[in-house]
A.B. asks: 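I am attaching a structure below and will ask some questions about it afterwards.
Computed from heavy atoms alone, side chains included, the values below leave out hydrogens, waters and symmetry copies. Atoms within a ligand are numbered from 1 in the order they appear, just like the ligands themselves.
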Amino acid sequence: MTLHTPAHKINLLGLDRKAMQDFFVSVGEKPYRAEQVLKWIHFNGAEDFQAMTNLSKALRQKLCETAQITPPQVIYEKAAADGTYKWLLRLADGNCIETVFIPEKTRGTLCISSQVGCILNCDFCSTGKQGFNRNLSTAEIISQLWIAVRKLSKMNGVHDHAVTNVVMMGMGEPLLNFDNVIPALHLMLDDFAYGLSKRRVTVSTAGVVPAMYQLRAATDVALAVSLHAPNDELRNQLVPLNKKYPLDELMTVCREYFKDDSRRSITMEYVMLAGVNDTPEHARQLIKILSGVRAKMNLIPFNPFPHTDYQRSDTETINRFRDILMKAGLNTTIRRTRGDDIDAACGQLVGQVKDRTRRNERYLRSAKQKVVGGNN
Ligand code: SAH
C-alpha cells in the first residue's frame with residue numbers, strides 16, 4: 001500500500017458507478033471501464049492497477065499516473081470473546097475511526113462510521129463526548145467495508161465471516177454528511193461492488209428531519225431512528241438535536257417514510273437508561289407517539305463508558321418495558337450487547353478524534369470536578 005501517493009491522483013475508492021464513468025470519460029476512455037474497475041476494486045479487493053488483467057497495459061499505465069486506490073491504514077484489529085471484531089483505522093490526516101464486525105449465525109453485520117467524532121453530543125453516547133473533527137469522505141466510508149471484506153475473507157471459515165449487512169451506526173451522524181454518504185450507499189448496493197440488498201443496508205439517524213426526506217428520495221435503504229425518549233422534554237436532554245427537530249416533526253416524516261411500501265417499517269432504537277426513560281409510563285407515552293408509524297422497536301441496554309452518570313436498566317425492567325409495547329402490538333426486540341469487552345458495543349466507539357469543538361476537554365474537566373467534589 002502506498003502511503004505517500006501524490007495528492008493530485010484521484011482516489012478511485014470514493015467513486016460510485018456514475019462518478020467512475022465520469023472519471024473514465026474525463027481521461028478519454030469508454031464509460032464501461034467503470035464497471036470493470038469497480039469490480040476489481042470492490043468485488044476482488046484489488047489495490048494495484050497491474051492486477052487488473054482485463055485492461056490493456058496502456059490503460060493500466062494511465063491509471064497509475066492519474067489515479068490511486070488508497071484506503072486508510074489499519075492500526076490494530078481486536079477480537080472480542082464473542083467473535084466481534086473491531087478495527088481502528090488511521091486516516092491520512094492522523095484522525096482515527098473505528099469499524100466493528102458482528103458475526104451471527106445467519107448473518108454478519110458491519111457497523112461503520114460516517115464522521116470523525118460527532119457534533120450531536122447525545123448525553124449517553126461516548127462518541128459525542130469525544131467531540132468532532134470532520135466528515136468522512138466517500139472513500140473513507142466505503143473503505144471500512146473494503147477493508148473488512150478483505151480481512152474477513154482471509155480468515156478461516158469464510159462463510160461464517162462474510163459481511164451480509166451494513167449499518168451506519170458507528171461514529172457520527174450519517175445524515176449530516178449526506179453528500180458523501182449517498183455515493184457510499186450506492187456502492188454498497190451496486191452489483192459491480194458489494195451487491196447488498198437494500199433491506200440489509202441501514203442508515204441510522206438521530207432525526208435530521210429535512211435530510212430524512214432527501215434520503216428517501218435518493219435511495220431506499222432501510223432506516224433506523226434513534227428515538228430514546230417518548231416526550232420532548234426528556235428527548236431534548238438526551239438527544240439535543242430534538243430542540244431543532246422535535247418529536248411531532250420527526251414522527252411526521254416517519255409516518256410518511258415508507259408509505260408507498262406497506263411491507264417496510266422503520267427501526268426505532270431506544271437505549272434503556274435506568275430510572276431515566278424506562279418506566280411503564282414512558283412505554284405508554286411511546287405507544288401514543290408511535291401511533292400510525294410502521295415501526296419495530298429495538299431496545300438497547302445502555303453500554304457504559306468512563307465518567308458517565310447513566311446506568312443500564314436491569315433485565316427485569318427492560319423485559320417489562322418490552323411486554324407493555326408488545327401488548328400494544330409493537331414488535332419489540334432487545335438488542336444483545338456484543339463486543340463490550342473490547343469497547344466495540346453501541347455508543348462505545350471513540351477512535352482518536354482531533355477534537356475541534358473542545359467538547360472532550362470540557363467533558364473531562366467536569367468529570368474531574370465531580371471526582372474532586374466527591375472526595376471533599
Ligand atoms: N448518529 C446516528 C448513528 C450513530 S449511534 C444515530 O444517532 O442514530 C448508533 C446507535 O447507538 C444509536 O441508536 C445510538 O443512540 C446508540 N447508542 C449510543 N450510545 C450508546 C450507549 N452508550 N449505549 C447503547 N447504545 C448507544
A.B. asks: Is the shortest N/O to N/O distance between Asn303 and ligand 1 below 3.5 Å?
C.D. replies: yes

A.B. asks: Judged by modelled atom types alone, do Asp278 and Ser313 share a side-chain donor-acceptor pair under 3.5 Å?
C.D. replies: yes

A.B. asks: When rounded to the nearest 0.5 angstrom, what distance separates OG1 in Thr315 from CE in Met272?
C.D. replies: 10.5 Å

A.B. asks: With a 3.5 Å distance limit and no angle check, can you tell me whether Asp261 reaches the backbone of Arg263 through a side-chain donor-acceptor pair?
C.D. replies: yes

A.B. asks: Counting only heavy atoms, tell me which of Pro301, Cys111, Gly172 gets closest to atom 3 (C) of ligand 1.
C.D. replies: Gly172

A.B. asks: Output the list of atoms in ligand 1 that are nearer than 4.0 Å to some heavy atom of Cys125, sorted by atom number.
C.D. replies: 18 (C), 19 (N)

A.B. asks: Roughly how far, to the nearest 0.5 Å, is CD of Gln115 from CG of Asn177?
C.D. replies: 5.5 Å

A.B. asks: Would you check whether Cys118 has a nitrogen or oxygen atom less than 3.5 angstrom from a nitrogen or oxygen atom of ligand 1?
C.D. replies: no

A.B. asks: Report yes or no: does His228 have a heavy atom closer than 4.0 Å to ligand 1?
C.D. replies: yes

A.B. asks: Quick test of your reading of the structure: of Cys122, Ser226, Ser114, whose heavy atom lies closest to atom 7 (O) of ligand 1?
C.D. replies: Ser226

A.B. asks: For ligand 1 and Glu269, I'd like to know whether there is a polar contact (N/O to N/O, distance under 3.5 Å).
C.D. replies: yes

A.B. asks: When you measure from the centre of the six-membered ring of Tyr32, is the NZ or CZ of Lys30 closer than 6.0 Å and no more than 45° off the axis?
C.D. replies: no

